[in-house]
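For reference, the structure discussed in these notes is given below.
Side chains are part of it too, since the values below use all heavy atoms of this structure and drop only hydrogens, waters and symmetry mates. Ligands are counted one by one from 1 in listed order, and the atoms in each one are counted from 1 as well.
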Amino acid sequence: MGLRDFSIATLGSHSALQILKGAKDEGFKTIAVCKSGMVKPYQAFPVAEEIIEIPRFEDFLTVEQQLIKKNAILIPHGSFVAYLGVEKVKGIKAMYFGSKAILEWESNREKEAGWLGRAGITLPKIFTNPKEIDRPVIVKFYGAHGGRGYFITNNVKHFQERIKLHKGEQYVIQEYILGVPIYVHYFYSPLNDEVEIMSCDIRYESNVDALGRIMARDQITFEKFDPSYVVVGNKPVVLRESLLNKMLELGEAVVQESKKITPKGLFGPFSLEGVITPNQDFIVFEISARIVAGTNPYIAGSPYTALKYNEPMSTGRRIAREIRMAIEQDRLHEVIDNDHAGRN
Ligand code: AMP
Ligand code: AMP
């Protein structure tokens with residue numbers, strides 16, 4: 001089968017424009033599955049050949065058969081797990097680029113810490129018992145509100161006052177690392193057995209990133225002030241070159257370790273998210289086992305991909321390139337999670 005016998009499909013949100021543009025540039029048909037009322041960007045930017053509308057992202061499975069008939073390969077991004085949840089994503093029967101087995105390791109804090117720890121990565125200390133808080137910590141909530149309500153404290157009394165406002169919510173208490181937060185975007189090609197650094201970003205978060213624009217004197221005039229970490233965009237950043245060696249080593253170690261915990265391991269795009277301290281240590285608070293939206297500033301390529309490719313190479317395009325190579329080498333089953341590869 002040729003490339004035009006396949007479609008690349010994704011949910012219309014997060015990094016869909018980049019993914020579809022990359023797929024189009026590599027010669028695939030493209031489909032955006034959009035939420036009604038959120039279609040405009042996919043009409044305004046001509047990267048989707050077809051737009052399928054659904055009332056809510058949660059209704060995605062109602063169009064799955066349609067996608068299977070079109071021989072669509074789904075590219076998961078942050079909105080899949082955010083709106084469908086891990087279980088529904090694991091149940092997807094359409095061709096799915098990436099490893100579903102790794103989702104379990106990524107979404108379970110203990111499993112994630114075990115995986116990263118064995119790969120030699122330093123993580124912030126986690127406090128399971130609030131009574132043991134003996135340093136600044138960040139309390140993070142999970143679920144739909146992404147970044148809202150996080151708070152910083154350094155003692156159990158203050159923690160207990162604040163946590164009362166979050167009854168029934170799941171949270172983690174993490175040591176607060178003072179340094180600069182950096183998101184490093186990787187791509188692991190199982191076809192070439194190579195880990196590439198694609199790009200890096202800094203998040204622009206509301207309202208915490210507004211604090212530096214107000215003097216401490218004025219900050220205290222906000223009687224009830226709660227910082228939040230709601231992402232509104234991403235800024236490009238290029239790492240100090242002497243950090244690259246370590247970043248490549250860490251990316252490779254995470255991939256090697258992933259092969260010990262699941263049959264296929266982690267492949268495709270992933271991101272290590274952490275804080276770089278003044279000692280140049282990278283303390284990782286999260287791994288994302290898929291494309292992250294911080295790659296969006298680099299639709300026309302990044303400084304790193306410019307070094308390796310003689311054409312604009314985004315992470316979205318790199319995904320499509322991997323699928324294209326897999327089809328051309330008759331190895332599609334190696335990059336697709338289930339065995340629907342090539343079936344109608
Ligand atoms: P959305 O794309 O708004 O449907 O968001 C889906 C998930 O991805 C949410 O958990 C968001 O917090 C996260 N997300 C969306 N856009 C970005 C971005 N530009 N940078 C980082 N995370 C993002
Ligand atoms: P997250 O929702 O886990 O991506 O975290 C949101 C933001 O909180 C990050 O972009 C960082 O600015 C900050 N952050 C998260 N964890 C830590 C940590 N352990 N130490 C310092 N800052 C953190």
TODO: Using a strict 4.0 Å cut-off to heavy atoms of His14, name the atoms of ligand 1 that fall inside it.
DONE: 2 (O), 8 (O), 14 (N), 15 (C)
Open item on the list: One thing to verify: whether Lys111 and Glu106 come together as a salt bridge, which I'm taking to mean a side-chain N less than 4.0 angstrom from a carboxylate O.
Closed with: no
Open item on the list: Tell me whether Arg203 reaches ligand 2 (any heavy atom closer than 4.0 angstrom to a ligand atom).
Closed with: yes
Open item on the list: So if I count the atoms of ligand 1 from 1 in the order they appear, which ones are less than 4.0 Å from some heavy atom of Ala293?
Closed with: 16 (N), 17 (C), 18 (C), 19 (N), 20 (N)
Open item on the list: I'd like to check which ligand 2 atoms, numbered from 1 as shown, lie under 4.0 Å from a non-hydrogen atom of Glu175.
Closed with: 18 (C), 19 (N), 20 (N)
TODO: For Ser79, counting its heavy atoms only, list the atoms of ligand 1 lying under 4.0 Å from any of them.
DONE: 1 (P), 2 (O), 4 (O), 5 (O), 6 (C)
Open item on the list: When you compare ligand 2 with Glu273, is there at least one nitrogen or oxygen pair between them that comes in under 3.5 angstrom?
Closed with: no
Open item on the list: In this structure, does ligand 1 have an atom that sits under 4.0 Å from one of the heavy atoms of Phe57?
Closed with: no
Open item on the list: Any nitrogen or oxygen of Tyr229, side chain or backbone, less than 3.5 Å from one on ligand 2?
Closed with: no
TODO: Identify, for atom 3 (O) of ligand 2, the protein heavy atom at the shortest distance, and state residue, atom and that distance.
DONE: Lys140 NZ, 2.8 Å
Open item on the list: For Phe285, which part has a heavy atom under 4.0 Å from ligand 2: side chain, backbone, both, or neither?
Closed with: side chain
TODO: Looking only at protein heavy atoms, identify the closest one to atom 22 (N) of ligand 2 and say how far it is in Å.
DONE: Tyr176 CE1, 3.6 Å
TODO: Using a strict cut-off of 4.0 Å, indicate which atoms of ligand 2 neighbour a heavy atom of Tyr150.
DONE: 1 (P), 2 (O), 5 (O), 6 (C)
Open item on the list: Judged on heavy-atom distance to atom 2 (O) of ligand 1, which of Gly12, Ser13, Ala16, Ser271 sits nearest?
Closed with: Ser13
Task: For atom 9 (C) of ligand 2, the protein heavy atom that lies nearest, with its residue and separation - done: Tyr183 OH, 3.3 Å
TODO: Note the single closest protein heavy atom to atom 21 (C) of ligand 2, along with its residue, its atom name and the distance in Å.
DONE: Ile177 O, 3.3 Å
